[in-house]
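Because the structure is a prediction, the values reported are computed rather than measured. A, B, ... follow the sequence lines: proteins, then strands. Residue 1 opens every chain.
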Number of protein chains: 2
Amino acid sequence: MDIKIVDVAAKAGVSPATVSRVLNESSSVTSKTKAKVMKAIEELGYHPNAVAKNLRSQKSMTIGVIVPDINASYFAEIIKGIENVAYARKYKVIICDAENQKEKEAEYLTLLMNRTVDAAILIAPLMSDEEICQISEKGYTLAVVGRYIEHDRIPCIYTDNVKFSKEVVQHLVENGHRDIVFLSGYAEAIDSYERLEGYLKALRDYHIPFRPELIENGNFNEEGGYEAMKRLFDKNLHFTAVFAANDEMALGVYKACAERGIAIPAQLAVVGVDNNRISKYITPTLSTINQPKYTMGALLVEKLIDQMNENQFHDKRTFKVDSELIVRGSSNFRRE
Amino acid sequence: MDIKIVDVAAKAGVSPATVSRVLNESSSVTSKTKAKVMKAIEELGYHPNAVAKNLRSQKSMTIGVIVPDINASYFAEIIKGIENVAYARKYKVIICDAENQKEKEAEYLTLLMNRTVDAAILIAPLMSDEEICQISEKGYTLAVVGRYIEHDRIPCIYTDNVKFSKEVVQHLVENGHRDIVFLSGYAEAIDSYERLEGYLKALRDYHIPFRPELIENGNFNEEGGYEAMKRLFDKNLHFTAVFAANDEMALGVYKACAERGIAIPAQLAVVGVDNNRISKYITPTLSTINQPKYTMGALLVEKLIDQMNENQFHDKRTFKVDSELIVRGSSNFRRE
DNA sequence: GTGAAAGCGCTAACAG
DNA sequence: CTGTTAGCGCTTTCAC
């Protein structure tokens, strides 16, 4: 520490520029001088100061990823995908947990604005399209997971929320259900909106009248799902199935059912979204929507890095990936 | 973007120094000039360049956290604790997922060496005490979760692996078990070693002869636990309980048992470690060791930041926190 | 209370 | 192939 490039240069009997050259392999250096430099670096225990380097070279070779919650396997898998291809392309990845708070999201976005990272990948369901576009317009490099953005400089990867939500309802209807609860996430989230839309469209397709009292909000977490179900039970409404907008809320449904002695799936069918790891371990196993999380992360950084390096925009910038309904124990039951 | 402090200064009709002063509230500025500067900043959409700032001020106000795997609720909870107190103290936290690879661990450690972060919190069971001490000796600021380090500049927080492992065995013995399998994690990990030690000590306390054939390695993951159990079953050994060195491996045990039609806990008792979220959802619910994960993270950064700010070393630098055995369905059965 | 100027550690022209 | 020099954008003495 406190050893700088000039110290190495002095020790090796060369100029700082030469040391920099061997460090970055930026131009050819005699193998002899290279050896001298390496030796000096070794002996001094020199570590280049990345802050100075980044300031000078105007890049950091790091990508920031902002996620709503690090403790959700859905995001963790996406991050793994990002991490691995970024690593292969010599980029570092730093992960920022916004903990579902807009304030922290903004805080971590400054890492992008203030040039600590070269680009940011946003998984930010609370942020509006406009906000995202504005940041991009200011010249910052962004990519987005989980939604489509109408902006030709922002790579996006997403699944079709409307489509898979229709599939869920279709599956339930085909199993004899007509009174299907929809458990929504927090209202501000784009996913909430789109999944509700799919639910409504499917009902319409089947000519099932929409009953607004069957919509409840569970804020995308277990506790919220639990409370929402309690409210529904208390209202004595008739329903035979629940479509929870994510698996977390479905866990809350399980809990509420356990308390009331309601059997899943015989008395109530349940389907979630995300294919959280828990969904395959819980009893009964939870039907859910699976997305290619790892691939989504991997593909997106790939595009992002290409865009940064080639300094041009590709023809293909947005990717809609397929999701699949995984039918498990919680809904695998034909209602007569 | 591309707007610098001089641009703001020009627009506001002051010097760059003054702009810097209002930005950092470092010394008093007339409220009138302050207003002018703020206005210019606003109008120009200026964002300070943190790289330049960090270079000049020789600090970054950010802490790096290196974890073995971001997709494990155990680490995620610790990170939450770190994140929240760091945030309250004006520090940013960047998370690095080493994915259980020494190579990546080293890669991310360079963020510390190259001054991208002011300090690093290591959750690195694969790294040796010597390596950790060496880094500290070179003048880098470190803190460590999950182990005790004999070095007066490194704050540590950890639980007593030996102690809780003894408790697990005690619990099993008291329920009538004498032939207890120990499923170890990868051999290099300090946790593996210490948990085995606790297992052995407990056996000795109860005068139960140690049977080396009952030790298997499961590499701390589900697949490993599953394979290890299959090997044990194939050997036709007699045993009635399994102490898995973490919950992940215990899940593998469940799977292997399901395949062979072995009932948990009637035919085989199972206990894990970590209190992963899944352990309370799986059937039967999994007995495990719980640690105050969030608090561990929170307390450690607190100390770390204190140490950095006061530039002095506290009397109390290491924290041993209590863990608790949570007895659930997988071992709550008295063997006659 | 404010400005001028130096310099954090490095890289990238430009010479040689 | 290697050295000299300027400067990335900011903060911080030191004057005034």
Side-chain angles (χ1 to χ4, degrees), chain A residues 1-38 40-41 44-62 110-118 139-140, chain B residues 1-38 40-41 44-62 110-118 139-140:
Chain A
M1 191 141 100
D2 279 332
I3 299 185
K4 347 180 182 172
I5 209 167
V6 291
D7 302 318
V8 176
K11 177 127 187 170
V14 297
S15 76
T18 299
V19 177
S20 173
R21 283 190 268 258
V22 345
L23 246 23
N24 299 291
E25 297 169 333
S26 51
S27 75
S28 46
V29 178
T30 316
S31 61
K32 206 189 297 176
T33 52
K34 185 173 176 181
K36 280 194 300 187
V37 171
M38 296 300 260
I41 288 173
L44 262 31
Y46 167 73
H47 288 279
N49 181 319
V51 178
K53 175 179 176 146
N54 295 349
L55 175 60
R56 178 63 231 236
S57 57
Q58 302 284 50
K59 59 183 197 297
S60 62
M61 295 300 285
T62 103
T110 63
L111 290 179
L112 174 68
M113 322 288 243
N114 71 31
R115 320 264 58 149
T116 298
V117 299
D118 294 339
Y140 301 103
Chain B
M1 192 139 99
D2 280 332
I3 299 185
K4 353 185 178 168
I5 209 167
V6 291
D7 302 318
V8 176
K11 177 128 190 169
V14 297
S15 75
T18 299
V19 177
S20 172
R21 284 191 265 259
V22 345
L23 246 22
N24 299 291
E25 296 170 335
S26 51
S27 76
S28 47
V29 179
T30 316
S31 62
K32 204 189 299 176
T33 52
K34 185 173 174 181
K36 280 193 300 188
V37 171
M38 296 301 260
I41 288 173
L44 261 29
Y46 167 72
H47 288 279
N49 181 319
V51 178
K53 176 178 177 148
N54 296 349
L55 175 60
R56 179 61 230 237
S57 58
Q58 302 284 51
K59 59 183 198 295
S60 62
M61 296 300 285
T62 103
T110 63
L111 290 178
L112 175 67
M113 321 289 243
N114 72 30
R115 320 264 55 146
T116 299
V117 298
D118 293 340
Y140 301 102

Most 5' of B/Val14 and B/Ser57 on DNA chain C, judged by nearest nucleotide:
B/Val14
In the structure I gave you, are the side-chain heavy atoms of B/Ser60 and A/Val51 within less than 4.5 Å of one another anywhere?
no
Look at all strands and tell whether B/Ser26 reaches a base, only sugar-phosphate, or nothing, counting heavy atoms closer than 4.0 Å.
nothing
Length of the CG-C1' vector between A/Asn114 and D/dC8, whole Å:
15 Å
Is there side-chain contact between B/Val14 and B/Val19, with at least one heavy-atom pair below 4.5 Å?
yes
Given side chains that start at C-beta, do those of A/Tyr46 and A/Lys11 come closer than 4.5 Å, heavy atoms only?
no
To the nearest 0.5 Å, what is the distance between CD on B/Gln58 and CG on A/Asn49?
7.0 Å
Starting at the 5' end of DNA chain D, which residue's closest nucleotide do you reach first, B/Arg21 or B/Leu55?
B/Leu55
Just how far, in rounded Å, is C1' of D/dC10 from CG of B/Leu23?
10 Å
Starting at atom CE of B/Met61, determine the distance to atom C1' of D/dT11, rounded to an integer number of angstrom.
16 Å
Rounded to whole angstrom units, what separation is found between the CD1 atom of A/Ile5 and the C1' atom of D/dT5?
15 Å
Can you measure A/Lys53 atom NZ to D/dG9 atom C1' for me and round it to whole angstrom units?
19 Å
Regarding A/Asn54, tell me which of base, sugar-phosphate or nothing describes its non-hydrogen contacts under 4.0 Å with the strands shown.
nothing
Below the 4.0 Å mark, does D/dC10 have OP1 or OP2 next to a side-chain nitrogen or oxygen of B/Tyr46?
yes
Using a heavy-atom cut-off of 4.0 Å to chain A, what are the terminal contacting nucleotides of DNA chain C, in 5' to 3' order?
C/dG9 to C/dA13
Would you give the length of the straight line joining atom CZ of B/Arg115 to atom CG of B/Asn54, rounded to the nearest 0.5 angstrom?
11.0 Å
When you measure from the side-chain N and O atoms of B/Ser20 to the phosphate of D/dC10, is any distance below 4.0 Å, counting only OP1 and OP2?
no
Hey, does A/Ile41 have a side-chain heavy atom less than 4.5 Å from the side chain of A/His47?
no
When the distance from CD of A/Gln58 to P of D/dG7 is rounded to whole Å, what number comes out?
14 Å
Close side-chain approach of A/Ile5 to A/Leu23, heavy-atom, < 4.5 Å:
yes
Nearest heavy atom decides the nucleotide; on that basis, is B/Thr30 or B/Ala17 closer to the 5' end of DNA chain C?
B/Thr30
